[in-house]
S.K.: 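A single structure is presented below for examination.
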Amino acid sequence: QVQLVESGGGLVQAGGSLRLSCAFSGRTFSYYTMGWFRQASGKEREFVTYISRSSGTSYADSVKGRFTVSRDNAKNTVYLQMNSLKPEDTAVYYCAAAGIPTTTSTTYNYWGQGTQVTVSS
């Protein structure tokens, strides 16, 4: 059974940085595309970024140039480096695993519990 555990969330001022981590266990990590999604209070969950098994990436327009996704297959971990944070980035951030590169949340088979990111103005 795949387990995903996010960490690294917290409170940061606008313009600051955070790095989220997601530890994967239970299957072969390198086989999966790893995605990050977020859900702000009262809003639908939205795609942030993914990194494929070949390390191809895709980003939502709202985070391009500010967020960077990476993976370490030796550590079974995916990272989300978030720079130049804005108050509108405030949300619960989830990592997820899928068999193919996709921006569609319903295609992701496994999800973490989420980590809160709050950006103050």
Side-chain angles (χ1 to χ4, degrees):
Q1 182 69 13
V2 171
Q3 287 192 317
L4 302 174
V5 179
E6 301 99 334
S7 60
L11 173 63
V12 64
Q13 289 189 332
S17 298
L18 281 175
R19 188 176 82 154
L20 305 183
S21 300
C22 174
F24 176 106
S25 63
R27 293 279 176 90
T28 303
F29 175 68
S30 61
Y31 288 176
Y32 289 87
T33 285
M34 299 301 298
W36 287 95
F37 291 78
R38 66 186 182 186
Q39 187 166 19
S41 180
K43 295 187 176 182
E44 293 187 353
R45 189 171 298 187
E46 65 175 2
F47 168 76
V48 176
T49 182
Y50 73 66
I51 183 165
S52 70
R53 52 190 290 180
S54 61
S55 294
T57 60
S58 178
Y59 294 91
D61 288 344
S62 59
V63 307
K64 277 181 183 175
R66 301 188 299 121
F67 290 12
T68 303
V69 63
S70 61
R71 66 190 297 159
D72 185 336
N73 289 343
K75 294 183 178 180
N76 291 350
T77 301
V78 60
Y79 304 98
L80 181 62
Q81 178 67 44
M82 305 186 294
N83 298 330
S84 302
L85 283 161
K86 304 174 182 180
E88 51 264 44
D89 294 317
T90 296
V92 177
Y93 283 71
Y94 299 89
C95 72
I100 59 171
T102 177
T103 63
T104 304
S105 62
T106 53
T107 308
Y108 285 79
N109 308 100
Y110 306 105
W111 291 83
Q113 82 288 350
T115 186
Q116 177 70 47
V117 171
T118 303
V119 184
S120 63
S121 56

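These values consider heavy atoms only, across backbone and side chains, with no hydrogens, waters or symmetry-generated copies.
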S.K.: Any side-chain heavy atom of Thr33 within less than 4.5 Å of one from Tyr108?
M.R.: yes

S.K.: Find out if a path of hydrophobic residues (ILVMFWY) with successive side-chain heavy-atom gaps under 4.5 Å connects Val63 to Val78.
M.R.: yes

S.K.: So how far is it from Thr68 OG1 to Met82 CE, rounded to the nearest 0.5 Å?
M.R.: 11.0 Å

S.K.: Quick check for you: to the nearest 0.5 Å, what is the distance between Ser121 atom OG and Lys86 atom NZ?
M.R.: 14.0 Å

S.K.: Under 3.5 Å, is there a donor-acceptor pair between the side chain of Thr49 and the main chain of Ser58?
M.R.: yes

S.K.: Quick one: do Phe29 and Val69 end up in the same hydrophobic cluster if we chain Ile, Leu, Val, Met, Phe, Trp and Tyr together by side-chain heavy atoms under 4.5 Å apart?
M.R.: yes

S.K.: Measure the CZ-SG distance between Arg71 and Cys22 for me, rounded to the nearest 0.5 Å.
M.R.: 10.5 Å

S.K.: Tell me, yes or no, whether the heavy-atom count around Gln116 atom CD, taken from other residues, nucleotides or ligands under 6.0 Å, exceeds 12.
M.R.: yes

S.K.: For Tyr93 and Phe67, take the angle between the two ring planes, folded into 0 to 90°, and tell me which bin it lands in: parallel under 30, tilted 30 to 60, perpendicular over 60.
M.R.: tilted

S.K.: Of all the heavy-atom pairs spanning Ala91 and Ala40, show the shortest one and how long it is.
M.R.: CB-N, 3.7 Å

S.K.: Can you list the steps and then say if Thr106 with Thr104 is a side chain to side chain donor-acceptor pair (under 3.5 Å)?
M.R.: CA-CA 6 Å; Thr106 53; Thr104 304; 5.5 Å; no

S.K.: Looking only at heavy atoms, which two atoms of Thr102 and Ala98 are closest? And how far apart?
M.R.: CG2-CB, 4.3 Å

S.K.: When rounded to the nearest 0.5 angstrom, what distance separates OH in Tyr59 from CZ in Phe47?
M.R.: 9.0 Å

S.K.: Which atoms form the tightest heavy-atom contact between Arg38 and Asp89, and what is the distance?
M.R.: NH1-OD1, 2.9 Å

S.K.: Please tell me whether Ile51 and Val48 are part of a single hydrophobic cluster in this structure, the criterion being side-chain heavy atoms less than 4.5 Å apart.
M.R.: yes

S.K.: Indicate the atoms forming the closest heavy-atom contact of Asn73 with Ser30, along with that distance.
M.R.: ND2-CB, 3.8 Å

S.K.: Taking the inter-plane angle between the rings of Phe37 and Trp111 on a 0 to 90° scale, is it parallel (under 30°), tilted (30 to 60°) or perpendicular (over 60°)?
M.R.: tilted

S.K.: Is there a path of hydrophobic side-chain contacts, each under 4.5 Å between heavy atoms of I, L, V, M, F, W or Y residues, that connects Ile100 with Tyr31?
M.R.: no

S.K.: Using the rule that two of Ile, Leu, Val, Met, Phe, Trp, Tyr join whenever any of their side-chain heavy atoms come within less than 4.5 Å, decide whether Tyr50 and Val2 are in one cluster.
M.R.: no

S.K.: Hey, what do you get for CE (Met34) to OG (Ser55), rounding to the nearest 0.5 Å?
M.R.: 12.0 Å

S.K.: Grab the two heavy atoms, one from Leu11 and one from Ser120, that are nearest each other, plus how far apart they are.
M.R.: CD1-CB, 4.3 Å

S.K.: One thing to verify: whether Asp61 and Lys64 come together as a salt bridge, which I'm taking to mean a side-chain N less than 4.0 angstrom from a carboxylate O.
M.R.: yes

S.K.: Looking only at atom types and distance, does a side-chain atom of Glu6 sit under 3.5 Å from a main-chain N or O of Leu20, one as donor and one as acceptor?
M.R.: no

S.K.: Quick check: closest heavy atoms across Ala97 and Tyr32, and the distance to 0.1 Å?
M.R.: CB-CD2, 4.0 Å

S.K.: Can you name the residues that form a side chain to side chain donor-acceptor pair (under 3.5 Å) with Arg53, not counting sequence neighbours?
M.R.: none

S.K.: So how far is it from Phe24 CZ to Thr77 OG1, rounded to the nearest 0.5 Å?
M.R.: 10.5 Å

